[in-house]
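Since the model is a prediction, treat every value here as computed from it, not as a measurement.
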Amino acid sequence: MGRRRVVTMACAKHGSKRWAGCEEVIRPSHGGGGPVFIPLLQRREGRGLRSASRGAGGRGGAAGGPREGGREAEDARPRTPPSPPRTGRGLQRLGTVCPLLLSRLGGGLFLMSYQKPVRSLLRCRRFHVTVRHGGSKTDAEHRWLSRHLKDPFVKATRENNYRCRSAFKLLEINEKQQILSPGLRVLDCGAAPGAWSQVAIKMVNAAGTDPKSPVGFVLGVDLLHIFPLEGATFLCPADVTDSRIRERIQELLPERKADVILSDMAPNATGIKELDHQKLISMCLSLLDLSSSILISGGTFLCKLWDGGQKHLLQSRLEQQFQEVRIIKPQASRKESSEMYFLAKFYQGATRSSKV
């Protein structure tokens with residue numbers, strides 16, 4: 001047999017009040033396997049632990065006496081009962097927090113084998129969740145925040161009660177190109193959160209605030225929810241590229257037609273510039289197909305795109321259907337951004353395409 005020693009473990013049932021012991025039998029080097037744990041008798045008040053495998057007739061018993069100087073002599077010495085581990089209260093608290101933990105992991109046997117990891121865990125007294133505070137921002141986040149706070153368009157957005165700074169992009173384009181005027185019907189695609197619709201409502205007099213000017217109409221469509229605006233009709237959540245939604249758009253538009261189609265929509269960015277560019281070009285081409293059934297002759301088409309290798313595909317399609325096509329980058333668009341806008345005016349449709 002191998003060497004024996006007595007160890008203690010926490011009783012999962014009684015916590016720190018009562019303790020049970022077990023005997024660890026360390027097998028010889030020639031006999032494979034790990035240690036074997038043999039339960040001992042329960043500890044009693046004023047008495048030490050008794051080994052069930054040791055009796056009066058065992059090795060080193062009363063008949064032969066212990067051998068001096070040998071390992072058997074050390075084993076035969078009277079053993080003092082080991083004190084309970086200091087983690088009793090912590091173990092009881094751990095069992096209270098997660099009662100299934102001890103039973104799933106083998107109760108006290110698990111805790112006896114892994115006392116050091118459990119003690120280090122219990123010293124924490126609670127489970128922590130890492131929360132990033134203001135002082136733990138990355139360098140990129142610091143740069144973005146600094147740029148955002150210094151942005152004059154962000155300050156002007158708050159002062160003019162616009163929903164986001166992109167409103168100034170449309171304001172600048174309209175100031176130079178005069179694409180919005182009172183009485184026009186506007187389809188705003190990718191309208192959330194509603195900044196472009198705010199500008200369109202004011203420019204086409206959709207709310208009827210100017211009684212001397214004709215009243216226009218603004219319809220906003222987006223996959224995201226848009227909070228209501230006086231003077232605008234929102235269709236959300238809705239995918240403008242869906243054929244069923246297209247029919248619904250025509251039902252909502254006066255006389256089923258629109259004078260201006262605005263698009264500030266963009267796909268969810270993946271971080272791969274060429275892939276994001278292709279997705280946005282595909283969305284703009286799909287919206288251009290919608291214009292054939294909604295946009296009136298002589299109408300205007302404004303869409304956002306990101307610069308890339310397939311920009312010429314969209315540009316050639318626009319030149320086939322519109323008399324005037326140009327690329328615009330408003331001042332509100334950040335210089336480091338690849339964002340730009342295609343502005344196509346005087347829609348001719350199939351007539352223009354057949355001539356080309």
Side-chain angles (χ1 to χ4, degrees), residues 164 166 169-170 173 179 184-197 200 217-227 229 232-297 299-322 325 327-328 338-345 347-350 352-353:
C164 64
S166 63
K169 303 175 186 178
L170 182 58
I173 295 173
I179 61 176
L184 295 183
R185 297 159 294 182
V186 179
L187 173 62
D188 184 10
C189 301
W196 276 28
S197 295
F217 181 83
V218 176
L219 174 62
V221 184
D222 202 295
L223 285 170
L224 303 177
H225 175 73
I226 310 174
F227 289 100
L229 278 173
T233 302
F234 292 128
L235 181 60
C236 60
D239 185 2
V240 72
T241 62
D242 191 347
S243 58
R244 294 171 296 180
I245 299 300
R246 293 182 180 184
E247 181 62 28
R248 179 59 179 161
I249 291 174
Q250 288 183 303
E251 294 176 358
L252 293 174
L253 287 171
E255 301 178 5
R256 302 176 67 89
K257 293 291 182 178
D259 301 288
V260 181
I261 295 180
L262 306 176
S263 174
D264 196 34
M265 62 182 181
N268 294 327
T270 62
I272 306 175
K273 292 184 178 180
E274 192 61 29
L275 178 59
D276 296 336
H277 168 71
Q278 293 176 2
K279 288 183 177 181
L280 184 53
I281 292 294
S282 177
M283 294 173 67
C284 292
L285 291 174
S286 178
L287 187 59
L288 189 57
D289 294 336
L290 173 65
S291 63
S292 61
S293 58
I294 291 181
L295 192 61
I296 65 169
S297 179
T300 304
F301 183 87
L302 177 66
C303 66
K304 177 173 74 173
L305 78 151
W306 294 321
D307 195 12
Q310 296 186 5
K311 179 179 64 176
H312 66 282
L313 298 178
L314 177 60
Q315 185 172 1
S316 61
R317 284 282 305 273
L318 290 172
E319 291 175 349
Q320 292 176 5
Q321 302 183 31
F322 293 85
V325 178
I327 298 176
I328 300 176
S338 62
E339 177 188 74
M340 61 182 64
Y341 290 86
F342 264 127
L343 176 61
K345 301 173 71 174
Y347 177 68
Q348 298 299 318
R352 176 71 175 173
S353 299

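Between Tyr347 and Ser292 the shortest side-chain heavy-atom distance falls below 4.5 Å. A 4.5 Å side-chain heavy-atom check between Leu314 and Leu285 finds at least one atom pair inside the cut-off. Side-chain contact between Leu302 and Leu170 is present, with at least one heavy-atom pair separated by less than 4.5 Å. Taking the side chain as every heavy atom from C-beta outward, Ile281 and Cys284 never approach each other to under 4.5 Å. No side-chain heavy atom of Ile327 sits less than 4.5 Å from a side-chain heavy atom of Tyr341. Using a 4.5 Å cut-off on side-chain heavy atoms (C-beta onward), Leu290 and Leu187 make contact.
Closest non-hydrogen pair, Ala191 versus Gly220, comes out as CB-CA, 3.9 Å. Scanning both residues, Leu318 and Ala344, for their nearest heavy atoms gives CD2-CB, 4.2 Å. Shown here for Ser166 and Trp196, the closest heavy-atom pair between the two residues is O-NE1, 2.9 Å. In terms of heavy atoms, Thr300 sits closest to Leu343 at CG2-CD1, 3.7 Å. When all heavy atoms of Asp222 and Ala192 are compared, the closest pair comes out as OD2-N, 3.1 Å.
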Query - Intermediate values then yes/no, side chain to side chain contact (heavy atoms under 4.5 Å, CB included), His277 and Asp307 - result: CA-CA 7 Å; His277 168 71; Asp307 195 12; 5.7 Å; no
Query raised in the report: Where do Ile226 and Ser197 land on the side chain to side chain contact (heavy atoms under 4.5 Å, CB included) test, with the steps shown first?
Result: CA-CA 10 Å; Ile226 310 174; Ser197 295; over 6 Å; no
**Report entry** side chain to side chain contact (heavy atoms under 4.5 Å, CB included) evaluation trace for Gln321 with Phe301
**Finding:** CA-CA 10 Å; Gln321 302 183 31; Phe301 183 87; over 6 Å; no
Query raised in the report: Under the side chain to side chain contact (heavy atoms under 4.5 Å, CB included) criterion, do Leu295 and Phe322 qualify, and how do the steps go?
Result: CA-CA 11 Å; Leu295 192 61; Phe322 293 85; 3.8 Å; yes
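Atom-to-atom distance recorded for Gln320:CD and Leu288:CG is 9.0 Å, nearest 0.5 angstrom. Considering CD1 of Ile249 and CZ of Arg244, their distance stands at 13.0 Å, rounded to 0.5 Å. Summarising the geometry, atom CG belonging to Leu219 is positioned 11.0 Å from atom CG belonging to Leu262; distances are rounded to the nearest 0.5 Å. Here Ile261 contributes atom CD1 and Cys303 contributes atom SG; the two are 10.0 Å apart, rounded to the nearest 0.5 Å. We find the CG-CZ distance between Asp242 and Arg248 to be 13.5 Å, quoted to the nearest 0.5 Å. The line from CG of Leu275 to OG1 of Thr270 is 4.5 Å long, rounded to the nearest 0.5 Å.
Not counting sequence neighbours, the partners of His225 by the side-chain contact (heavy atoms from CB on, under 4.5 Å) test are Phe227, Cys236. Glu247 pairs by the salt bridge (charged side-chain N to carboxylate O under 4.0 Å, His left out) definition with Arg256, not counting sequence neighbours. Considering only residues two or more places apart in sequence or on other chains, Ser282 meets the side-chain contact (heavy atoms from CB on, under 4.5 Å) condition with none of them. Residues passing the salt bridge (charged side-chain N to carboxylate O under 4.0 Å, His left out) test with Asp239, sequence neighbours excluded: none.
Between the side chain of Ser286 and the main chain of Met283, no donor-acceptor pair closer than 3.5 Å is present. A distance-only check finds a donor-acceptor pair linking the side chain of Gln250 to the backbone of Ser293 [under 3.5 Å].
Within a 6.0 Å radius of CD in Glu251, other residues, nucleotides and ligands contribute more than 12 heavy atoms.
Counting only residues at least two apart or in different chains, salt bridge (charged side-chain N to carboxylate O under 4.0 Å, His left out) contacts with residues 257-267 comprise Arg185-Asp259, Asp264-Lys304. Within the structure, the salt bridge (charged side-chain N to carboxylate O under 4.0 Å, His left out) test picks out the following pairs touching residues 274-293 (sequence neighbours left out): Asp289-Arg317.
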